[in-house]
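Report on the following structure.
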Amino acid sequence: MAVPKRKVTPSRRDKRRSHDAIANKDWQECPQCGEMKMPHNVCRECGHYNGKEIVIAKQEIEEEDAA
């Protein structure tokens, strides 16, 4: 059975865990409306993805409801 011969120092332990930190999410600007959005996701403001309108935008829905 494998048993450590010496105590692992906090420095060595922390070096091993250096890659476990949560990375910041990368945001990019939507080419249609200029709002910040997650890459490879539909823009929440204008509903466009890859240059095409995928989802009807919130503003258009509110305008239809008001009419």
Side-chain angles (χ1 to χ4, degrees):
M1 189 165 140
V3 177
K5 193 164 192 171
R6 297 268 186 253
K7 176 182 176 181
V8 177
T9 64
S11 175
R12 183 173 288 272
R13 177 198 63 205
D14 293 342
K15 285 179 189 175
R16 184 174 61 243
R17 296 177 183 172
S18 67
H19 301 289
D20 293 345
I22 297 172
N24 290 336
K25 294 183 177 183
D26 294 328
W27 293 84
Q28 56 184 209
E29 188 176 325
C30 174
Q32 299 294 326
C33 65
E35 289 292 322
M36 298 304 285
K37 70 175 194 74
M38 292 291 294
H40 306 289
N41 284 278
V42 175
C43 178
R44 292 183 178 187
E45 297 300 318
C46 65
H48 280 80
Y49 179 76
N50 201 15
K52 301 174 189 169
E53 186 173 5
I54 305 297
V55 180
I56 298 173
K58 295 178 197 174
Q59 296 168 352
E60 293 177 14
I61 294 172
E62 291 172 0
E63 290 172 2
E64 290 175 2
D65 291 341

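From a predicted model like this one, the values you see are computed outputs, not experimental measurements.
Under the 4.5 Å side-chain criterion, counting only non-hydrogen atoms from C-beta, Val8 is in contact with Arg16. Side-chain contact between Glu29 and Glu35: absent, with no pair of heavy atoms (C-beta onward) separated by less than 4.5 Å.
In this structure, CD on Glu53 lies 8.0 Å from SG on Cys46, to the nearest 0.5 angstrom. Interatomic distance, Ile54 CD1 to Asn41 CG, rounded to the nearest 0.5 Å: 12.0 Å.
Contact detail for Gln32 and Gly51: the closest heavy-atom pair is NE2-CA, 3.9 Å. Summarising the geometry of Lys37 relative to His40, their closest heavy-atom pair is NZ-N, 4.2 Å, with the distance given to 0.1 Å. Taking every heavy atom of both residues into account, Pro39 and Asp26 meet most closely at CD-O, 3.0 Å.
Annotation: Arg13, atom CZ; neighbour count of heavy atoms from other residues, nucleotides and ligands within 6.0 Å is above 12.
Apart from Trp27 itself, the hydrophobic cluster it occupies contains Met36, Met38, where clustering links Ile, Leu, Val, Met, Phe, Trp and Tyr at side-chain heavy-atom distances under 4.5 Å.
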